[in-house]
Amino acid sequence: LVEQCHRVLVPGGQLIFETPNPENMMVGSHTFYHDPTHLNPITPTLIEFLVRHLGFSDPEILRLHPYPPEARVRGMDPLTDRINGAFCGPQDFAVCAVKPA
């Protein structure tokens, strides 16, 4: 898919993909599979490497749609922050990149 996007985009064209974020434990272990067309989660690290490898430049990863504040575990300490990051962080991420001129 990324190869075909590179082929058909004009120089300077923008690639934008959004997908579930498996860095979020709830997404990676549960909600990703609500859609039966999903086969394997794709990590932000993999997609950033892939778009660079296939010739796009300036990839940017945007982490999107965190769980609402009321879903977070209460507390103000490093462990609570880590738990909230892993379970209540961004549910999706997007990659934006440009086909060089």
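Being a predicted model, the structure only gives us computed values, none of them experimental. Just the heavy atoms: all of them, side chains too, but no hydrogens, waters or symmetry mates, feed the values below.
- By the rule that hydrophobic residues join a cluster once side-chain heavy atoms approach within less than 4.5 Å of another member, Val51 and Leu46 end up as members of one cluster.
- Residues passing the ring pair (Phe, Tyr, Trp, His ring centres under 6.0 Å) test with Phe49, sequence neighbours excluded: His53.
- Ionic pairing of Glu3 and Arg7 is not present here: no N-O contact between side-chain nitrogen and carboxylate oxygen is shorter than 4.0 angstrom.
- Residues Thr19 and Phe17 have side chains not in contact (no heavy-atom distance under 4.5 Å, counting atoms from C-beta outward).
- In terms of the ring pair (Phe, Tyr, Trp, His ring centres under 6.0 Å) criterion, Phe93 has no residue partners (sequence neighbours excluded).
- Gly28 and Tyr33 make their closest contact through O-CE1, 3.5 Å (heavy atoms, listed as atom of the first residue, atom of the second, distance).
- Side-chain atoms of Ile61 and Ile47, non-hydrogen and from C-beta on, do get closer than 4.5 Å to each other.
- Cluster note: Tyr67 groups with Met25, Met26, Val73, Leu79, Ile83, Phe87 through ILVMFWY side-chain heavy atoms spaced under 4.5 Å, whether in direct contact or through intervening members.
- Contact of the Leu64 side chain with the Gln91 side chain is not registered, since no non-hydrogen atoms from C-beta on lie closer than 4.5 Å.
- Under the 3.5 Å distance criterion, the side-chain polar atoms of Lys99 are matched with a main-chain donor or acceptor of His6.
- Pro11 and Ala101 make their closest contact through CB-CA, 3.6 Å (heavy atoms, listed as atom of the first residue, atom of the second, distance).
- Counting only residues at least two apart or in different chains, salt bridge (Lys or Arg N to Asp or Glu O under 4.0 Å) contacts with residues 57-79 comprise Glu23-Arg63.
- In this structure the side chain of Val95 never reaches within 4.5 angstrom of the side chain of Pro44, judged on heavy atoms.
- Annotation for Pro59 and Ala97: closest pair CA-CB, 4.0 Å, computed over non-hydrogen atoms.
- Connection of Val8 to Leu1 is not established within any shared hydrophobic cluster, with ILVMFWY side chains joined at heavy-atom distances below 4.5 Å, either directly or through further cluster members.
- Looking at Val98 and Leu15, their side chains never come closer than 4.5 Å, going by heavy atoms from C-beta outward.
- Partners of His65 by ring pair (Phe, Tyr, Trp, His ring centres under 6.0 Å), not counting sequence neighbours: none found.
- Contact check for Asn24 versus Pro90: no side-chain heavy atoms found under the 4.5 Å cut-off.
- In summary, the aromatic rings of His38 and His34 are positioned with their centroids too far apart to meet the 6.0 Å limit.
- The salt bridge (Lys or Arg N to Asp or Glu O under 4.0 Å) pairs that include a residue from residues 79-96 number zero, where partners must be two or more places apart or lie in different chains.
- Heavy atoms only, all atoms of each residue included: Pro22 and Pro41 are closest at CB-CB, 3.7 Å.
- The closest side-chain heavy-atom distance from Phe56 to Leu50 is not below 4.5 Å.
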